[in-house]
Amino acid sequence: MSGVATGASGTVDDFTIEVDDGRMHVTARRVVLATGLVDKLPDMPGAEAAWGRTVLHCPFCHGWEVRDHRIAVLGRNENAIHQVLLFRQLSENVTLFLHDAQEPSDEQRSSSLP
C-alpha cells in the first residue's frame with residue numbers, strides 16, 4: 001500500500017492514519033514520524049561514499065561501533081566542541097580538526113580533556 005498520510009488520531013496501541021484525504025484508513029499500534037531530514041555533508045573527497053560507515057554524525061546512533069577507536073571530529077561550527085565531548089565518552093583518543101570552526105577557548109579546551 002502506498003499513499004500520502006493526511007491525518008492521524010488515536011492513542012497508544014490504537015492509531016488510525018488517514019491516507020489520501022480519507023480515501024483509505026490504516027490502523028496501527030505505533031506510529032513512527034519520519035520527517036525527511038537531509039544531511040549536508042562537507043565537500044570532502046570520500047565523505048559521501050563513507051557516510052554512515054566511517055563518516056558519522058551522531059555518537060548516540062553510531063557510538064557503540066566506534067567506541068575505544070581513534071575518532072576525528074571535523075569542526076565546521078560552534079557545535080564542534082560539543083561533538084568532541086560526546087565522543088570523548090566513547091574513546092580516549094578524540095582529535096578535533098577545526099576546518100571551519102573557531103579556535104576553542106581555554107575553558108573549552110580544558111573541558112574536553114579526560
Side-chain angles (χ1 to χ4, degrees):
M1 170 190 309
S2 65
V4 176
T6 54
S9 61
T11 60
V12 175
D13 291 331
D14 186 24
F15 288 99
T16 300
I17 309 301
E18 182 179 287
V19 180
D20 293 334
D21 291 325
R23 286 181 252 166
M24 289 187 289
H25 289 86
V26 177
T27 59
R29 292 182 55 218
R30 301 288 191 272
V31 175
V32 176
L33 298 177
T35 61
L37 176 72
V38 175
D39 293 307
K40 185 177 177 187
L41 300 178
D43 186 18
M44 294 176 49
E48 187 174 339
W51 184 244
R53 291 190 311 277
T54 57
V55 173
L56 312 169
H57 74 290
C58 178
F60 300 108
C61 298
H62 305 286
W64 185 254
E65 294 85 357
V66 299
R67 72 192 183 289
D68 299 325
H69 286 78
R70 295 185 328 188
I71 299 171
V73 173
L74 182 67
R76 299 177 65 198
N77 55 39
E78 65 278 355
N79 290 329
I81 296 298
H82 180 68
Q83 286 289 81
V84 168
L85 293 172
L86 291 174
F87 278 107
R88 281 289 288 133
Q89 296 175 40
L90 300 165
S91 174
E92 293 183 11
N93 195 341
V94 178
T95 302
L96 170 62
F97 293 93
L98 291 176
H99 192 56
D100 293 334
Q102 292 184 351
E103 188 76 28
S105 68
D106 290 340
E107 181 182 355
Q108 289 171 320
R109 284 180 187 277
S110 66
S111 68
S112 64
L113 296 174

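Given the structure is predicted, the values throughout are model-derived calculations rather than measurements.
Applying the 4.5 Å side-chain rule to ILVMFWY residues, one finds that Val4 remains a lone member of its cluster.
Qualifying side chain to side chain contact (heavy atoms under 4.5 Å, CB included) partners for Thr11, counting only residues two or more places apart in sequence or in other chains: Asp14. Thr16 pairs by the side chain to side chain contact (heavy atoms under 4.5 Å, CB included) definition with Ser9, His25, Thr27, not counting sequence neighbours. Evaluation of the side chain to side chain donor-acceptor pair (under 3.5 Å) rule for Glu18 yields Thr6 as partners, not counting sequence neighbours. Gln89 is linked by a side chain to side chain contact (heavy atoms under 4.5 Å, CB included) to Leu86, counting only residues two or more places apart in sequence or in another chain. With sequence neighbours excluded, the residues satisfying side chain to side chain contact (heavy atoms under 4.5 Å, CB included) with Ala72 are Phe97. Arg30 meets the side chain to side chain donor-acceptor pair (under 3.5 Å) test with Asp13; sequence neighbours excluded. With sequence neighbours excluded, no residue forms a ring pair (Phe, Tyr, Trp, His ring centres under 6.0 Å) with His82.
Here the CG-CG distance, from Leu74 to Leu98, works out to 9.5 Å after rounding to the nearest 0.5 Å. Note: Arg88 CZ to Ile81 CD1 = 12.0 Å, rounded to the nearest 0.5 Å.
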Next item on the list: Could you walk me through whether Leu85 and Val94 pass the side-chain contact (heavy atoms from CB on, under 4.5 Å) test, one step at a time?
Entry: CA-CA 9 Å; Leu85 293 172; Val94 178; over 6 Å; no
Item checked: Step-by-step side-chain contact (heavy atoms from CB on, under 4.5 Å) determination, Val26 to Phe15 -> CA-CA 8 Å; Val26 177; Phe15 288 99; over 6 Å; no
Note to self: side-chain contact (heavy atoms from CB on, under 4.5 Å), that's the test. Do Ile71 and Asn93 meet it? Break it down for me.
What the structure shows: CA-CA 6 Å; Ile71 299 171; Asn93 195 341; over 6 Å; no
May I have the list of side-chain donor-acceptor pairs in residues 33-44 shorter than 3.5 Å, sequence neighbours left out?
none

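Val66 places none of its side-chain heavy atoms less than 4.5 Å from the side chain of Ser91.
For Gly3 against Val19, the heavy-atom pair with the smallest separation is CA-CG1, 3.8 Å. Annotation for Ala8 and Ile17: closest pair CB-CD1, 3.7 Å, computed over non-hydrogen atoms. Contact record, Leu90 with Pro59: CD1-CB, 3.9 Å, taken as the closest heavy-atom pair.
Follow the hydrophobic side-chain contacts under 4.5 Å out from Val55 and you never reach Phe87; the two are in separate clusters.
Counting only residues at least two apart or on different chains, the salt bridge (Lys or Arg N to Asp or Glu O under 4.0 Å) pairs with a member in residues 96-105 are Glu103-Arg109. Within the structure, side chain to side chain donor-acceptor pair (under 3.5 Å) contacts touching residues 58-71 (residues at least two apart or in different chains) do not occur. Sorted by first then second residue, the ring pair (Phe, Tyr, Trp, His ring centres under 6.0 Å) pairs that include residues 33-55, not counting sequence neighbours, are Trp51-His57.
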